[in-house]
There are 2 protein chains.
Amino acid sequence: MYDTFQQYLDSKITLTSDEKELIRSVSILKKLRKKQYLLQEGDVWKYHAFITKGCMRTYAVDDKGIEHIIYFGVENWWIGDRESLLNQTPSRLNIDAIEDVEVVLFTAPNFDMLCAKIPDFRDMIQAIISKSFNVNQTRILASISKSAEEKYLDFIQKYADFAMRIPQAMIASYLGIKPETLSRIRNGIAKK
Amino acid sequence: MYDTFQQYLDSKITLTSDEKELIRSVSILKKLRKKQYLLQEGDVWKYHAFITKGCMRTYAVDDKGIEHIIYFGVENWWIGDRESLLNQTPSRLNIDAIEDVEVVLFTAPNFDMLCAKIPDFRDMIQAIISKSFNVNQTRILASISKSAEEKYLDFIQKYADFAMRIPQAMIASYLGIKPETLSRIRNGIAKK
DNA sequence: TTTTCCACTTGATGTAGATCAATTTATTTC
DNA sequence: GAAATAAATTGATCTACATCAAGTGGAAAA
């Protein structure tokens with residue numbers, strides 16, 4: 001189960017066996033059943049988390065009780081709430097498992113230690129954050145400039161590898177539309 | 001004109017006079033008239049930029065020729081295109097001056113040198129990036145969960161210090177709505 | 001001053017997507 | 001494998017926002 005993470009590391013950076021062992025020694029393995037929470041609103045998030053198996057979602061619940069999905073995450077993705085972690089404030093987000101899930105966790109102090117001791121590790125993380133920043137920016141642009149259908153087509157193209165694993169109601173939530181609307185959009189696309 | 005940037009630095013971190021001098025020595029001052037570009041689509045962005053005076057916008061132009069404003073920036077804000085800078089690829093964005101503007105520029109190599117030599121400087125930049133990441137995330141959530149009126153009210157509250165300096169048509173673009181709609185929203189709010 | 005030009009408003013109408021309600025189709029669960 | 005539960009579709013109607021078109025007011029230009 002740690003193996004998936006090790007393979008991920010090997011694909012990104014070259015590490016000595018001491019470094020590998022150091023990383024492994026501070027990792028925490030965790031399994032979650034479908035629908036279980038990794039983070040609940042109000043709790044303070046303490047980790048950096050990497051998904052080795054399964055599919056998760058990060059979402060906020062509004063004052064009407066409606067869930068709004070901000071991110072999905074699958075194998076080889078990092079997830080968490082950077083804001084809560086950084087400021088050590090109660091999170092406004094929930095993270096739970098859409099499928100049975102396995103994750104590798106690192107506490108913030110251990111993670112920072114790894115970044116300090118292994119420059120390549122830090123650079124890898126920096127690169128991921130930068131990329132993630134750009135993805136968010138692109139999504140903001142899409143949100144102010146594209147129709148629901150365009151956003152859906154972008155989504156299934158960009159996330160073709162896991163889009164079919166996600167219930168449509170959740171994709172609709174992520175896109176900011178209603179499940180009925182997504183159903184009609186799909187119907188429209190199919191007829192073309 | 002550099003003074004505003006120096007005051008900003010002093011408010012954030014403590015530097016030796018050598019460090020201050022080092023930073024100053026690699027800074028580039030630039031003035032722009034209203035409507036002039038700092039970055040044009042297709043060009044590769046080479047700098048880190050800090051606004052010391054005036055107001056700017058970052059926007060993309062879609063295939064119908066419509067401008068979509070992604071960010072505004074005023075005094076004491078950093079601006080640029082991290083994606084283009086990081087990958088050294090042609091930018092998909094434009095940055096221009098909404099008012100006459102003064103900026104402080106740092107080339108990427110010089111900026112990285114400053115980050116390497118002055119850890120506090122690097123930490124300051126990291127903190128800004130983290131904060132900016134969180135702001136983007138909050139904006140994504142708003143885009144999928146809030147009405148146009150709510151987004152407008154959020155905007156004028158969050159950016160109360162400069163919102164009135166920005167033409168309404170540009171605020172509308174930033175919010176992803178039409179100027180006519182924003183006008184009606186404002187009218188509705190005023191009548192309450 | 002008068003002309004020109006934007007920024008903004010207002011009205012009439014159109015449309016994408018929401019809402020509500022009823023089925024149908026898949027998945028779980030026992 | 002039937003019953004129960006959840007996910008997705010479909011139809012009718014409603015609403016927020018867009019579009020198109022005129023008109024107003026205020027600042028810059030001449």
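Below, read A as the first sequence line, B as the second, and so on, with proteins coming before strands; counting in each chain starts at 1. As a basis for the values below, the full set of heavy atoms in this structure was taken, side chains included, without hydrogen atoms, waters or symmetry mates.
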A.B. asks: For B:Ile51 versus B:Gly54, what's the shortest heavy-atom pair and its separation?
C.D. replies: CG2-O, 3.7 Å
A.B. asks: Could you label the plane-to-plane angle of the A:Phe111 and A:Trp78 rings as parallel, tilted or perpendicular, counting under 30° as parallel and over 60° as perpendicular?
C.D. replies: perpendicular
A.B. asks: Salt bridge check, A:Asp10 against A:Lys20: does any charged N sit closer than 4.0 Å to a carboxylate O?
C.D. replies: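 Counted as a salt bridge, because a side-chain N and a carboxylate O are separated by less than 4.0 Å.
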A.B. asks: A quick test of your reading: do over 12 heavy atoms of other residues, nucleotides or ligands sit less than 6.0 Å from CD of A:Gln88?
C.D. replies: yes
A.B. asks: Does atom CZ of A:Arg165 have more than 12 heavy-atom neighbours, drawn from other residues, nucleotides or ligands, at distances under 6.0 Å?
C.D. replies: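 Yes, CZ of A:Arg165 has more than 12 neighbouring heavy atoms, counting only those of other groups under 6.0 Å.
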A.B. asks: Can you tell me if A:Asn187 touches the phosphate of D:dT9, counting only side-chain N or O atoms and a distance under 4.0 Å to OP1 or OP2?
C.D. replies: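 No.
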A.B. asks: Polar pairs (N or O, both sides) under 3.5 Å between protein and nucleotides 3-6 of chain D?
C.D. replies:
none

A.B. asks: Taking atom CD of A:Glu21 as the centre, does the number of heavy atoms from other residues, nucleotides or ligands within less than 6.0 Å exceed 12?
C.D. replies: yes
A.B. asks: Quick check on A:Tyr47: does its OH atom have over 12 non-hydrogen neighbours (other residues, nucleotides or ligands) under 6.0 Å away?
C.D. replies: no
A.B. asks: If the plane angle is over 60° it's perpendicular, under 30° parallel, otherwise tilted; pick one for B:Tyr8 and B:Phe5.
C.D. replies: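 The arrangement is parallel - the two ring planes meet at less than 30°.
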A.B. asks: Heavy atoms of chain B, cut-off under 4.0 Å: which first and last nucleotide of DNA chain C, 5' to 3', fall inside that, if you could look?
C.D. replies: C:dC8 to C:dA12
A.B. asks: Quick check on contacts: within residues 178-185 of chain B, what sits under 4.0 Å from DNA chain D by heavy-atom distance?
C.D. replies: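 Here the set is B:Lys178, B:Glu180, B:Thr181, B:Arg184.
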A.B. asks: Salt bridge check, B:Asp96 against B:Arg57: does any charged N sit closer than 4.0 Å to a carboxylate O?
C.D. replies: yes
